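Structure record follows, encoded as structure tokens.
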Amino acid sequence: MQSYAISGDFSNAFSTLNLMKNIDGKPTVYDCNALMYFYLKSKNACWQELVEMYTGMKRFGPPPVASTFNTLLNGMLLLGDLKHAIFIVEEMYRNHFVPSFTSLSKTLKMAVKVGNLLDGLVVFELMLRYDYHPIEPTLNKFILMLCDAGMVSDACFVFSVLLRKSYVYSVYCYNPILWALCKTGRSYTALQLFYLMKKKGFVHNVCSYTALIYGFCREGLQDNVFQWLDFMQSNGCKPNVITYTIIVKFLFDNGKFEEAMDFISRMEREGCNPDLLTYNVILRELCHRDRLDDISELIQVMDQKGLSPDSYSYAALCGGLLKIGKVGDACELLLDIFSNGTVDVAVYNIYFRCLCQENKSREALSQLKRMMKVGFKPNNVSYNTILSGFCKEKNINEALELLYHFEWDVNGPDAVTFNAILSTACRLGNSAIIQRILYHMRYEDMKLNIFSLTCLVRYLCSSGNFSECLKLVESMMYNSPTPPVVTLNMLLHNLCKNRLLGTAYRIFQNLRNTQCLPDVTSYNILIHASIREHNHLLVGQLLGEMKRQGLKPDVFTYGSLISGLCKEGKISAALQLWNQMLERGLIPSVVIFNTLLHAIFQRGKFWDILLLLKAMVVQGFQPDEVTLGILSQAVSNGSMKRFPKVAKVLDWVISNDFQKETDQKTIAG
DNA sequence: ATAGGGTTAG
């Protein structure tokens with residue numbers, strides 16, 4: 001039996017085992033175990049036979065004993081059969097046998113190794129039954145993988161269970177959780193975890209501190225970023241190139257170019273040299289600022305430091321050019337890059353986008369197909385880019401075709417895909433396609449996100465279907481996802497435009513009980529409508545509410561108020577507001593200027609015209625065509641005849657010859 | 001052993 005088993009011949013080994021029945025008391029459970037043991041040694045054992053034999057033993061005897069289970073469990077681990085390893089452990093539990101720590105530990109290690117996180121969680125819970133805990137390397141890897149897969153709450157569960165039992169040993173266990181929290185906008189929770197671990201006596205390292213820096217940057221908490229940077233240093237933790245790169249990118253992305261460049265000097269001074277990633281961040285920003293000379297200089301510096309550009313550098317450059325509208329330049333550079341070596345899919349995606357931008361979506365598609373024939377592997381971004389290209393060219397039916405015919409990866413089309421088509425269908429008012437996409441999304445169990453909802457709100461508003469739209473927005477307000485303020489403003493604007501200020505105001509007031517906060521624009525929309533409907537009471541109420549919310553009136557608020565006053569002929573009150581704006585450091589727009597100018601002419605308040613024109617010249621204000629139209633009309637209709645000097649000034653302004661400093665002084669005088 | 005950069009939808 002043993003020699004059959006060891007050669008992998010299960011059926012002969014099994015019939016030999018059965019022959020033993022001729023001997024009284026045979027075969028024993030140890031004979032069965034021996035068969036399985038040697039069969040497993042054969043290296044070509046199959047789980048089916050083992051499981052069948054096990055169920056046979058359970059039904060007909062001899063009943064399995066501890067060593068049966070241990071043999072089977074070790075065997076399944078040897079075969080790399082995770083599912084049946086778990087099955088055996090469950091069987092042991094049901095039969096009141098205790099699997100060894102080592103075998104469960106090995107099972108978890110295998111689950112982690114093959115990346116089967118769901119089974120990993122099952123094994124982890126099995127271990128908890130016996131009060132076993134994962135060994136440190138397996139645990140750290142497991143938590144890291146859970147975090148990377150977006151299963152942060154599972155990672156937190158594993159972590160907190162073990163923390164309670166004091167089975168967490170180092171920062172490497174929870175740093176991935178800190179990062180995962182910070183990457184998903186939960187820096188405050190990360191902060192709490194940070195302090196909890198500190199209290200427990202753990203010493204954070206630069207990676208832990210950097211996670212928080214990343215989180216604060218991501219959430220735009222600038223003060224926290226710099227406080228934290230000081231804090232880590234006062235705790236004896238030196239920021240490294242990663243920490244600095246994150247801050248530099250944050251400063252760039254928030255328009256603080258000089259500060260970012262200062263930071264780069266600072267890190268160099270502190271002996272922390274920028275690396276390729278840092279340079280890529282800088283390259284991208286220089287591109288956005290169209291500083292091509294600085295780019296070539298920087299590339300030389302990189303070259304001197306032995307850093308050669310990679311796919312990210314090329315994507316930063318080409319993506320940057322594309323963003324500032326230099327599609328031709330981007331294309332040229334891309335073709336040059338392609339002819340000089342291989343780059344990854346992101347760079348090709350930028351190329352597809354360039355083509356689509358120039359309304360050559362069809363060419364992008366044929367290039368994609370051609371490249372796929374020679375081994376190019378597109379991703380969802382490639383497909384979505386081309387699909388959006390067709391949408392942009394209003395080729396929505398072909399975009400739909402692509403949805404069904406692209407060779408999507410295992411995950412299939414994603415939210416971006418559906419939203420691209422949905423937004424186009426909404427823009428074109430194609431309700432059949434809207435319904436089709438919504439149906440498809442429901443079928444794929446894909447939730448509408450803020451993009452989809454915003455498209456739908458716009459569509460429903462423009463088709464006048466406010467009741468449906470209100471249902472949608474109100475369900476968003478009280479559930480997730482919380483609508484962004486732009487979506488709300490879109491609805492408020494459309495309601496007001498359709499003379500439904502009352503409804504708009506009701507929605508606005510309901511915001512108090514929700515997560516969404518109105519912004520200055522929301523107030524401006526309502527104030528504008530209230531003025532138009534001569535509802536002075538509401539205007540006052542809104543202004544007061546705005547102040548209590550800590551929101552300051554902006555150029556648009558003043559614009560509405562001034563225009564309202566002008567229409568009522570209250571010129572001096574309007575001029576007062578104009579001055580108030582200037583005092584508060586707000587630059588009035590030319591539209592407001594024209595409104596005032598027009599009203600003043602209508603009322604014949606010629607001295608006020610001079611005051612306004614003076615303000616215009618002193619502030620270096622550029623008149624536009626409307627301004628010149630108003631002035632020309634005033635001069636040509638003769639109403640200026642009685643004021644020849646005023647007329648002369650107007651002529652001067654109309655001739656647009658007042659830009660020179662001397663002229664400005666003269667006119668102001 | 002853990003961490004930072006580029007490309008898609010409102």
Side-chain angles (χ1 to χ4, degrees), chain A residues 136-141 143-145 147-148 170-180 182-183 204-215 217-218 239-250 252-253 274-285 287 309-320 322-323 330 334 343-354 356 378-389 391-392 399 413-424 426-427 448-459 483-484 486-487 490:
Chain A
E136 205 187 346
T138 307
L139 173 64
N140 294 353
K141 188 106 192 280
I143 287 189
L144 175 63
M145 289 175 85
C147 289
D148 283 347
S170 79
V171 291
Y172 295 105
C173 183
Y174 62 80
N175 274 350
I177 299 183
L178 286 178
W179 272 96
C182 289
K183 280 184 174 178
H204 300 298
N205 63 14
V206 57
C207 180
S208 334
Y209 284 98
T210 303
L212 268 301
I213 296 254
Y214 181 93
C217 285
R218 191 186 175 278
N240 62 17
V241 58
I242 298 176
T243 324
Y244 282 123
T245 304
I246 292 167
I247 298 176
V248 167
K249 181 172 157 54
F250 166 71
F252 278 148
D253 289 346
D275 61 12
L276 184 57
L277 277 75
T278 323
Y279 283 117
N280 286 345
V281 170
I282 307 172
L283 280 177
R284 180 165 177 269
E285 180 64 19
C287 228
D310 64 358
S311 281
Y312 283 85
S313 326
Y314 295 132
L317 288 172
C318 303
L322 181 59
K323 195 163 221 158
L334 281 161
V343 281
D344 70 12
V345 59
V347 185
Y348 285 106
N349 289 345
I350 296 172
Y351 178 58
F352 296 139
R353 183 143 169 80
C354 282
C356 291
N379 58 15
N380 273 16
V381 179
S382 332
Y383 290 139
N384 289 341
T385 301
I386 293 175
L387 194 137
S388 302
C391 284
K392 184 174 151 262
D414 54 25
V416 179
T417 324
F418 288 112
N419 285 339
I421 301 179
L422 187 66
S423 82
T424 311
C426 284
R427 216 160 22 126
L448 298 175
N449 66 14
I450 54 174
F451 284 89
S452 353
L453 290 164
T454 306
C455 298
L456 288 170
V457 167
R458 169 173 303 186
Y459 166 71
V486 286
T487 313
M490 196 189 289

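Fair warning: this is a prediction, and the values are worked out from it, not measured in the lab. We name chains A, B, ... by the order of the sequence lines, and we start the count at 1 in each one.
- With distances taken from any side-chain atom of N240(A) to the nucleotides dA3(B), dA9(B), dT7(B), the minimum falls on dA3(B).
- Contact between the side-chain N/O atoms of R353(A) and the OP1/OP2 oxygens of dT8(B) is found at a separation under 4.0 Å.
- Phosphate proximity of dT2(B) to K141(A): absent, as no side-chain N or O sits under 4.0 Å from OP1 or OP2.
- Not counting sequence neighbours, D344(A) has no partner by the salt bridge (Lys or Arg N to Asp or Glu O under 4.0 Å) test.
- Counting atom types as modelled, D344(A) pairs a side-chain N or O with a base atom of dG6(B) as donor and acceptor under 3.5 Å.
- For the atom pair CD1 (I246(A)) and CG (L212(A)), the distance works out to 11.0 Å, reported to the nearest 0.5 Å.
- Contact annotation: R427(A) side-chain N/O to dG10(B) OP1/OP2 distance is not under 4.0 Å.
- Here V347(A) lies in heavy-atom contact (under 4.0 Å) with a base.
- Residue K392(A) places none of its side-chain N or O atoms closer than 4.0 Å to OP1 or OP2 of dA9(B).
- If you check distances only, the side chain of D275(A) does reach the base of dG4(B) with a donor-acceptor pair under 3.5 Å.
- R353(A) pairs by the salt bridge (Lys or Arg N to Asp or Glu O under 4.0 Å) definition with nothing, not counting sequence neighbours.
- Separation of atoms OG (S423(A)) and CZ (F418(A)) is listed at 13.5 Å; rounding is to 0.5 Å.
- The nucleotide whose nearest atom lies closest to any side-chain atom of L144(A) is, among dG10(B), dT2(B), dG4(B), dT2(B).
- Comparing dG6(B), dA9(B), dG4(B) by their closest approach to the side chain of F451(A) singles out dA9(B).
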